[in-house]
Amino acid sequence: MSTFANTLIHWQRRHGRHDLPWQNTRDPYAIWIAEIMLQQTQVATVIPYYQRFIGIFPDIETLARASLDAVLALWSGLGYYTRGRNIHKAACLMVAHYQGRFPSNAAAIEQLPGIGRSTAAAIAAFAYGERCAILDGNVKRVLTRYFGINGYPGEKKTEILLWEKAESLLPQENTHDCMATYTQALMDLGALVCTRHQPQCRVCPLRSDCVAFRENRTAKLPAPKPRKPLPNREATFLLMIDQNSILLEKRPDTGIWGGLWCLPQLPASIDLQLCCIQYWGINAAFIADLPVIDHVFTHFKLRISTCLLQVIDRSNNTLEEQAWVTIDEALNLAIPAPVRKILMEVSSSAKFFEMSCQPLSGY
DNA sequence: AATCCGGGGAC
DNA sequence: GTCCCAGGATT
């Protein structure tokens with residue numbers, strides 16, 4: 001029989017990592033330091049920090065005796081400095097209350113500051129061979145793919161489901177070697193095979209039972225963190241028509257649509273088009289509101305209202321960074337997509353055609 | 001449930 | 001530039 005766990009254990013012995021500095025020890029202190037450093041931090045980054053730290057603080061007592069400043073100095077550059085503070089605090093706590101001994105099971109380990117459920121389980125599995133499940137970023141990725149779980153792993157409901165799966169997959173055989181190898185196998189599979197980008201499914205020992213592989217959805221799982229809803233902004237474009245010509249403005253080189261030609265733009269808050277006409281030295285009459293366009297940027301949404309105006313007098317208009325062009329000419333300039341959309345629609349509308357061929361008279 | 005912590009690597 | 005990483009604590 002070949003269970004999930006047995007498959008992984010066999011794979012680990014042949015293809016897993018065996019020479020990381022914190023492997024090949026059952027010292028809970030050394031494993032603890034490594035697991036804390038590895039929280040949200042990649043292996044290659046951790047290695048030199050870990051070796052330096054263990055060299056200077058080889059055990060709980062030495063760490064507890066050291067000053068917090070000395071501990072944080074060794075942490076400098078690793079980030080998440082609360083981890084360093086918690087390590088020092090926990091070492092002092094173990095000296096004060098546990099006779100300098102590391103707690104002997106996952107539940108007790110989890111009571112230490114800076115240690116949550118997954119880290120406690122990892123330490124207990126590696127140091128004591130305790131039969132308990134980890135659920136770090138690697139395992140979440142492996143399990144969401146293996147079971148085809150669609151929810152975002154940061155979501156509570158999904159996380160509960162993932163913990164249930166992680167528990168249910170634990171090896172039945174409860175030996176130290178079995179648990180340590182299995183736990184390392186999950187991490188190594190996630191790090192070496194079931195990677196976020198371009199997972200190596202061809203060499204994956206689990207692929208025959210992997211939902212994501214079978215359904216070709218590895219690129220879609222795990223679901224990415226939902227993006228915060230984009231803030232909404234509004235703007236008004238003015239489409240000013242003078243016979244066959246419309247007014248474009250060249251935008252500043254920096255910022256949105258930098259250096260592109262654009263319809264004159266007003267903040268949506270400004271009340272009426274006619275009071276703003278003075279800004280361009282143009283007298284114009286309102287014709288119509290054009291359909292609203294919603295445009296999405298990476299960091300906000302822009303709702304664009306466009307106001308169609310008939311130019312009455314543009315003799316006071318100065319042409320700095322501005323151009324009067326035909327719509328066909330405009331469509332051959334560097335214009336943003338929303339402007340192109342507006343101009344395409346207007347140029348094909350009968351109303352515009354009629355208007356531009358027979359300019360309104362009497363003003 | 002959302003947010004914060006933080007530097008670095010992959011892309 | 002974005003997204004993520006051997007997560008946990010706080011609100």
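We name chains A, B, ... by the order of the sequence lines, and we start the count at 1 in each one. Note that the coordinates shown come from a computational prediction; the quantities given were computed from them, not determined experimentally.
Nucleic acid contact for A:Gln184: base, since at least one base atom lies under 4.0 Å from a heavy atom of the residue. Heavy atoms of A:Leu20 sit under 4.0 angstrom from at least one base atom. Within 4.0 Å of A:Arg85, counting heavy atoms only, lies no atom of the nucleic acid at all. No engagement by A:Trp75 is indicated, since no non-hydrogen atom pair under 4.0 Å with the nucleic acid exists.
Side-chain atoms of A:Tyr80 lie closest to B:dC5 of the nucleotides C:dA6, B:dC5, C:dC4. Of the candidate nucleotides C:dG7, B:dA1, C:dC5, C:dG7 has the atom lying nearest to any side-chain atom of A:Asp136. The nucleotide whose nearest atom lies closest to any side-chain atom of A:Gln42 is, among B:dG8, B:dC5, C:dA6, B:dG8.
In this structure, CD1 of A:Ile109 is placed 21 Å from P of C:dA6, rounded to the nearest angstrom. Between A:Asn138 atom CG and C:dA6 atom P there is a gap of 4 Å when expressed in whole angstrom units. Spacing between atom CZ of A:Arg196 and atom P of C:dA6 amounts to 10 Å, rounded to whole angstrom units. Regarding A:Ile36, its CD1 atom lies at a distance of 15 Å from the C1' atom of C:dC5, rounded to whole Å. As a whole-Å value, the separation of A:Ile134 CD1 from C:dG7 C1' is 12 Å. Distance A:Ile87 CD1 to B:dC5 P: 20 Å, rounded to the nearest Å. Spacing between atom CZ of A:Arg141 and atom P of C:dC5 amounts to 5 Å, rounded to whole angstrom units. Atoms CG (A:Leu143) and P (C:dA6) sit 14 Å apart, rounded to a whole Å.
Here the shortest heavy-atom pairing between A:Thr144 and A:Leu221 reads O-CD1, 3.6 Å. A:Phe102 and A:Ile60 make their closest contact through N-CD1, 3.9 Å (heavy atoms, listed as atom of the first residue, atom of the second, distance).
Around atom CZ of A:Arg13, more than 12 heavy atoms belonging to other residues, nucleotides or ligands sit under 6.0 Å away. Counting non-hydrogen atoms of neighbouring residues, nucleotides and ligands closer than 6.0 angstrom, the CG atom of A:Asn24 exceeds 12 such neighbours. Around CD of A:Glu61, the count of heavy atoms belonging to other residues, nucleotides or ligands within 6.0 Å does not exceed 12.
Nearer to the 5' terminus of DNA chain B, by closest-nucleotide assignment, is the contact made by A:Gly79 (compared with the other of A:Gln198 and A:Gly79). Nucleotides of DNA chain C nearest to A:Met187 and A:Glu110 differ in position, and the one nearer the 5' end is that of A:Met187.
You won't find any donor-acceptor pair under 3.5 Å spanning the side chain of A:Arg117 and the base of C:dA9, going by distance alone. Residue side chain A:Thr41 reaches the base of B:dG6 through a donor-acceptor N/O pair under 3.5 Å, judged by distance alone.
Exactly one of A:Glu159, A:Glu167, A:Glu110 qualifies for a salt bridge (charged side-chain N to carboxylate O under 4.0 Å, His left out) with A:Arg117. That residue is A:Glu167.
Distance noted for atom P between B:dG8 and C:dG8: 22 Å (whole Å). Of the P atoms belonging to B:dT3 and C:dA6, the separation is 23 Å, rounded to the nearest Å.
At the phosphate of C:dC5, neither OP1 nor OP2 sits under 4.0 Å from any side-chain N or O atom of A:Thr45. Contact annotation: A:Gln39 does not reach the phosphate of C:dA6 (side-chain N/O to OP1 or OP2, under 4.0 Å). Checking the phosphate oxygens (OP1, OP2) of C:dA9, no side-chain nitrogen or oxygen of A:Arg83 falls inside 4.0 Å.
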